[in-house]
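Counting starts at 1 for both ligands and their atoms, following the listed order.
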Amino acid sequence: MGVLLETHGLVKAFGGFHAVDNVDLVVNDGEIRSVIGPNGAGKTTLFNVVTGHLRPTHGHVRFAGEDITGKSPHTVTRHGLARAFQITNVFPRMTVLESVQCAVLARRRRTSDFVTWYHRSARDAAMEVIEAVGLVEVAEQEARTLSHGDQRALEVALALATGPRLLLLDEPTAGMSPWETERTVELVRDLARARGLTVLFCEHDMNVVFAISDRITVMHQGRVIAEGVPEEVRQNEEVVRVYLGDQV
Ligand SMILES: Nc1ncnc2c1ncn2[C@@H]1O[C@H](COP(=O)(O)OP(=O)(O)OP(=O)(O)O)[C@@H](O)[C@H]1O
Ligand SMILES: [Mg+2]
């Protein structure tokens with residue numbers, strides 16, 4: 001397994017405060033990696049730097065062998081790193097199929113004059129993604145009418161429509177019912193196992209984290225304080241002290 005994503009000496013400072021403090025992260029191709037840690041540990045800031053939404057103060061980000069440090073989110077997406085955002089409210093009156101089709105088309109260049117062929121193939125590509133996230137039954141429904149769980153699945157679909165190698169999720173099960181959480185766990189597992197997708201996510205639900213992570217990175221005050229397979233992290237005394245406490 002090769003390295004897909006790598007940060008080296010990554011720092012993000014806000015004034016004198018280091019929200020991300022010298023983080024070296026190595027994510028292998030095909031793995032499911034979670035990042036955990038207390039509120040304010042720097043998880044979202046780390047993601048924002050990786051996806052180009054924030055410029056790092058120091059350090060580098062490499063993806064699929066290329067230096068993507070400081071590149072725009074759009075460029076980072078084109079390299080194959082996609083992030084699911086809470087954006088289903090942007091076009092609430094579009095159907096699921098229309099939204100995903102737009103995302104598919106947005107990634108393609110207009111190289112074909114065969115407009116009909118072009119749109120049909122975009123439709124097929126969109127339907128494949130919709131099937132992968134389990135939204136076939138609601139494909140013709142407007143986004144605004146979907147349940148919370150289905151809206152989050154649509155956000156994942158919109159990210160998948162860009163054809164990523166790595167999918168980045170910030171608290172994918174936040175606000176979900178137990179049933180929706182279970183479905184998300186299965187979805188992430190399927191995407192990684194069946195499609196060879198690499199997944200990087202942060203999450204506060206430790207049942208989810210320990211159920212699907214190949215490896216876990218633990219952050220505290222901007223730094224990585226531990227990393228390993230679930231059993232190693234569960235038994236790490238510092239991790240238990242600063243975060244897990246009596247959760248496990
Ligand atoms: N734009 C900003 N300006 C100043 N400080 C910021 C900014 N963004 C984040 N911070 C600070 O950086 C620290 C890390 O925040 P971050 O959102 O990355 O934490 P997190 O690990 O994602 O927490 P949570 O689990 O609550 O989502 C916090 O102390 C936060 O207040
Ligand atoms: Mg966060």
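A donor and an acceptor atom, one from each side chain of Thr51 and His53, are located under 3.5 Å apart.
The distance from the OG atom of Ser34 to the CG atom of Leu169 is 11.5 Å, given to the nearest 0.5 Å.
Scanning all heavy atoms of the two residues, the minimum distance from His220 to Pro38 falls at ND1-CG, 3.7 Å. Summarising the geometry of Val129 relative to Ala157, their closest heavy-atom pair is CG1-O, 3.4 Å, with the distance given to 0.1 Å. Annotation for Val49 and Leu10: closest pair CG1-CD2, 3.7 Å, computed over non-hydrogen atoms. Closest approach of Glu171 and His204 over heavy atoms only: OE2-CD2, 3.5 Å. Across all their heavy atoms, Arg83 and Asn48 have their closest contact at NH1-OD1, 2.8 Å. Taking all atoms of both residues into account, the shortest heavy-atom contact from Leu158 to Ser99 is CD2-O, 3.5 Å.
For ligand 1, the atoms sitting less than 4.0 Å from at least one non-hydrogen atom of Thr45 are 9 (C), 14 (C), 15 (O), 16 (P), 18 (O), numbered in the order shown with element in parentheses. Interface of Thr44 with ligand 1, defined as ligand atoms under 4.0 Å from a residue heavy atom, comprises 17 (O), 18 (O), 20 (P), 22 (O), 27 (O). Counting atoms of ligand 1 from 1 in the listed order, those under 4.0 Å from a heavy atom of Asn39 are 23 (O), 24 (P), 25 (O), 26 (O).
For ligand 1, none of its N or O atoms has an N or O atom of Ala19 under 3.5 Å away. When only interatomic distances are considered, the shortest N/O to N/O separation between Phe17 and ligand 1 does not fall below 3.5 Å. Polar contact check, Gly42 against ligand 1: a nitrogen or oxygen pair lies under 3.5 Å apart.
Less than 4.0 angstrom separates atom 6 (C) of ligand 1 from at least one non-hydrogen atom of the protein. Distance screen at 4.0 Å: atom 31 (O) of ligand 1 has no protein heavy-atom neighbour inside the cut-off.
One of the N, O or S atoms belonging to Thr44 lies under 2.8 Å away from the Mg ion (ligand 2).
Neither the backbone nor the side chain of Met219 has any atom closer than 4.0 Å to an atom of ligand 1 (non-hydrogen atoms only).
Under a 3.5 Å cut-off, the side chain of Thr173 and the backbone N or O of Met176 do not form any donor-acceptor pair.
Protein heavy atom nearest atom 27 (O) of ligand 1, with residue, atom name and distance: Glu171 OE2, 3.4 Å. Given atom 23 (O) of ligand 1, the protein heavy atom at minimum distance is Gly40 N, 2.8 Å. Atom 1 (N) of ligand 1 has Phe14 CE2, 3.5 Å as its closest protein atom, hydrogens excluded (heavy atom only).
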